[in-house]
Amino acid sequence: MDALLHQVFSGLATGGIYASVALALVMIYNATNHINFAQGEMAMFATYVAWSLIEGGLPYWAAFSVTVGLAFLGGVVLERVVIRPVENAPGLSAVIVSIGILVIFNSLAGWWFSYTTRSFPSPFPDSRPFGSSLLSYHELGSMGVTLAMLVAIYSFFRFTSLGLAMRAAAQNPVSSRLVGIRVGWMLALGWGLAAAIGAVAGMMVAPIVFLDPNMMGGILVYAFAAALLGGINNPWGAVVGGFIIGVLENLAGAYVVGTELKLTVALVAIIGTLVVKPDGLLGKTVVSRV
Amino acid sequence: MKTTTWKRLGLVLLIASACLLPLAVEQYRTFQFTLVLIYAIAVFGLNMLIGYNGQISLGHGAFYAIGAYTAAILMEHGAWPYWATLPAAAVVCLISGFLFGRPALRLGTIHLALATFALALATPQLLKYRGMSRWTGSSQGIVLDKPEAPFGLPIDADQWLYYFVLAVTLVMFLLGWNLLRGRFGRAMIAIRDHPTAAAAMGINTAYLKSMTFGISALYTGVAGALGAIVVQFVAPDSFNLFFSISLLVGVAVGGLATIAGAFYGAVFIVFVPNMADQISKAAPWAIYGVFLIGFMYAMPTGVAGLIRLAGNWLWRRMGRKSAGER
């Protein structure tokens, strides 16, 4: 029983990471109807930036904040420079361009920081709280950071006028433009936010999976599975889906298929969702007129 | 002379020079050109799906892997001759492609991209699966024997493999060319350009899209089987996500919806890494990424489109000159 609970709790901890990456994906999807396949590699790159800052002598939380800020700026610049030209292009070109970004970030990280696996520090103590065997401080801390981030994002979109403008721009670009919202910049801000969320997720998961240029590949697939399971156009769905996939992955890894086939769990979850309930648990059915 | 006559003449010359190639270059180059032909088949298969049918696959490396493993397992455990494994790989890939495509195809590009992306990432793990290690050799993979030239032909094994692959390539491209200009190909293009209108014209879109996925997987699988025969080695880690992406790079560089583009794309993915490797281990991929984005922006018809533009321009100039003389 204790072992099962342990699996569930550490599943929730990684689920929080999947939830945040899935949230970033859903934000971009809602704004542009495109999936950002480079989301994982952008997060990986940001984590490398954080690593070099920490190596350079910055205290952890300072490096953390600087990285989140840089990731935000990087996301905005990327949208303005690379994504803008394919904003209205068919899905195919947008997918290929984001694959191009994925490849470039991956190789730049390998080029500058080398392909060797490195350890990444955790800001939380290296022991278990309350003498329990269920959770480590890092798992607890990363869950806390993830939840704090989700609350912050929710409040931003719910209570600030900028958040309202961004939601409006995503929902109805034409009308938003008519009332004076600069839709292009709202999309860029969305990309910046998504990049910042990814950076946080990367820094939280790096102590567990270790830092190397391919570290986010698996996590991105779980995030896809989470976003699809929850409903690709629903932010709450992405979060719920993230936690479900995290627990599912851990339980399946421990009791069903073993760690070797963990990625296959994501594949099965994706195809299963597409076959049984393509709109996901909380997603809206989109009906388009022909 | 008419344009078509010129084109036929050019094609004959091209095939003739392809036949003479291994006699002119050293052994390693022969091997590289064999790889170019193999990747051309794979890229052509993927281009049918992406360029002609407007779908996407980020996981065609998986079908290449299935083809390669089918050939390797039949040769290693079934003692099949190498040439007989090709039809088997074709059938296995056709069926698996059709079945994989079936559920995902009812949905849009994005869902298909997601599902195939996951497939590409999961492929190495699936191939390493311990339950099948008796057949697949797990992470060690399978090492094969090199086929020798038959009938006492006075050429070495590499040259023979080149001719064997060249013959298969010609057959595959001939079949593909016929398929694309026939009823099936027109239906594929109709679905790409306007799915609703295509359905209204009586095309069974779901069936046709899954079948295109299957045929595309078949081409890639045959290429995979040839790859296993030529390299004499299959291992799970060579069929990772980046392998699938390199096929996509081949399609984008060669040009969407062009047949000749497959060769340009294949030349690109075989020779560019070779040259860029000298700068850094990561350099080929940085170049791939830049080309992927650059071609999508500037030249969606790829190198093939560029050559066609240049050809038309030359043709017009020559036409004008001869008209002036008259």
Side-chain angles (χ1 to χ4, degrees), chain A residues 25 29 33-35 37-38 82 85-86 89-112 114-115 213-214 217-218 220-222 224-225 227-228 232 257-258 260-276 278 286 290, chain B residues 50-51 54-56 58-59 100 102-104 106-115 117-126 128-131 195-197 199-200 240-242 245-246 248-249 251-252 256 279-297 300:
Chain A
L25 289 168
Y29 180 81
N33 270 323
H34 293 321
I35 292 279
F37 282 90
V82 187
V86 287
L92 190 71
S93 333
V95 168
I96 293 182
V97 166
S98 78
I99 290 287
I101 301 174
L102 178 159
V103 166
I104 290 177
F105 271 119
N106 190 288
S107 59
L108 284 185
W111 202 331
W112 288 337
S114 96
Y115 287 99
N214 296 318
L220 187 66
V221 170
Y222 287 122
F224 283 156
L228 273 177
I232 189 104
V257 293
E260 294 171 341
L261 285 179
K262 267 187 162 186
L263 278 177
T264 316
V265 175
L267 178 66
V268 170
I270 287 178
I271 295 187
T273 314
L274 289 181
V275 172
V276 179
V286 180
V290 291
Chain B
I50 298 182
Q55 305 186 52
I56 190 154
L58 305 175
F100 186 87
R102 199 75 196 173
R106 294 181 309 171
L107 308 150
T109 310
I110 284 168
H111 291 96
L112 191 59
L114 286 175
F117 186 84
L119 178 68
L121 269 171
T123 301
Q125 278 198 342
L126 281 170
K128 279 182 209 166
Y129 178 52
R130 231 187 271 136
T196 320
N240 55 14
L241 170 68
F242 286 92
I245 294 180
S246 69
L248 187 70
V249 173
V251 172
L256 295 176
I279 309 172
S280 147
K281 191 185 158 203
W285 283 102
I287 294 175
Y288 275 13
V290 169
F291 270 85
L292 208 50
I293 297 178
F295 270 100
M296 275 300 118
Y297 283 166

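Residue numbering restarts at 1 for every chain, and letters A, B, ... go by the order of the sequence lines.
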Visitor: Counting heavy-atom pairs under 4.5 Å with chain B, which one of A:W112, A:F224, A:Y115, A:F37 comes out on top?
Guide: A:F37
Visitor: Quick one: what part of B:V249 sits under 4.5 Å from any heavy atom of chain A, side chain, backbone, both or neither?
Guide: neither
Visitor: Is chain B contacted by the side chain of A:Y222, its backbone, both, or neither, given a heavy-atom distance below 4.5 Å?
Guide: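 When you check distances to chain B, no heavy atom of A:Y222 falls under 4.5 Å.
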Visitor: Minimum heavy-atom separation for A:L274 and B:H111, please, with both atom names.
Guide: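 Looking at all heavy atoms of both residues, the shortest contact is CD2-CD2, 3.4 Å.
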Visitor: Among A:L220, A:N106, A:I271, which has the most heavy-atom pairs under 4.5 Å with chain B?
Guide: A:N106
Visitor: So for A:I270, is it side chain, backbone, both, or neither that comes closer than 4.5 Å to the heavy atoms of chain B?
Guide: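 Only the side chain of A:I270 comes within 4.5 Å of chain B.
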Visitor: Taking the side chain as every heavy atom from C-beta outward, state whether A:V82 and B:Y297 have any pair of such atoms under 4.5 Å apart.
Guide: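 Yes, side chains in contact.
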Visitor: Does any backbone or side-chain atom of A:L108 lie under 4.5 Å from a heavy atom of chain B? Answer side chain, backbone, both or neither.
Guide: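 For A:L108, no heavy atom lies under 4.5 Å from chain B.
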Visitor: Where does B:L248 contact chain A at under 4.5 Å (heavy atoms): side chain, backbone, both or neither?
Guide: side chain
Visitor: Got B:W285 and A:L102 here, is their nearest side-chain heavy-atom distance under 4.5 Å?
Guide: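 Side-chain contact under 4.5 Å: no.
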Visitor: Checking heavy atoms, do the side chain of B:L119, its backbone, both or neither come under 4.5 Å from chain A?
Guide: both
Visitor: State, with a plain yes or no, whether a side-chain heavy atom of A:I35 is found less than 4.5 Å away from one of B:F117.
Guide: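 Counting from C-beta outward, A:I35 and B:F117 never come under 4.5 Å.
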Visitor: Select one option (side chain, backbone, both, neither) describing which atoms of A:F105 are under 4.5 Å from chain B's heavy atoms.
Guide: neither
Visitor: Checking heavy atoms, do the side chain of B:L58, its backbone, both or neither come under 4.5 Å from chain A?
Guide: side chain
Visitor: Quick one: pull up CD in B:Q125 and CG in A:L267 and give me the separation to the nearest 0.5 Å.
Guide: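 Result: 10.0 Å between the selected atoms.
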Visitor: Under 4.5 Å between any side-chain heavy atoms of A:I104 and B:I293, yes or no?
Guide: yes
Visitor: Can you find a heavy atom in the side chain of B:L114 that is under 4.5 Å from one in the side chain of A:I232?
Guide: yes
Visitor: Can you tell if the side chain of B:F295 reaches within under 4.5 Å of the side chain of A:I96, non-hydrogen atoms only?
Guide: no
Visitor: Side chain, backbone, both or neither: which part of B:F291 has a heavy atom under 4.5 Å from chain A?
Guide: neither
Visitor: For A:V95, is it the side chain, the backbone, both or neither that has a heavy atom under 4.5 Å from a heavy atom of chain B?
Guide: side chain
Visitor: If every non-hydrogen atom of B:A118 is compared with every non-hydrogen atom of A:V221, which pair is closest and at what distance?
Guide: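 Nearest pair, atom of B:A118 first, then A:V221: CB-CG1, 3.9 Å.
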Visitor: In this structure, which one of B:I287, B:I245, B:V290 forms a side-chain contact (heavy atoms from CB on, under 4.5 Å) with A:V103?
Guide: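 The side-chain contact (heavy atoms from CB on, under 4.5 Å) with A:V103 is passed solely by B:I245 among B:I287, B:I245, B:V290.
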Visitor: At what distance, to the nearest 0.5 angstrom, does CG of B:L121 lie from CG of A:N214?
Guide: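 Here the rounded value is 9.5 Å.
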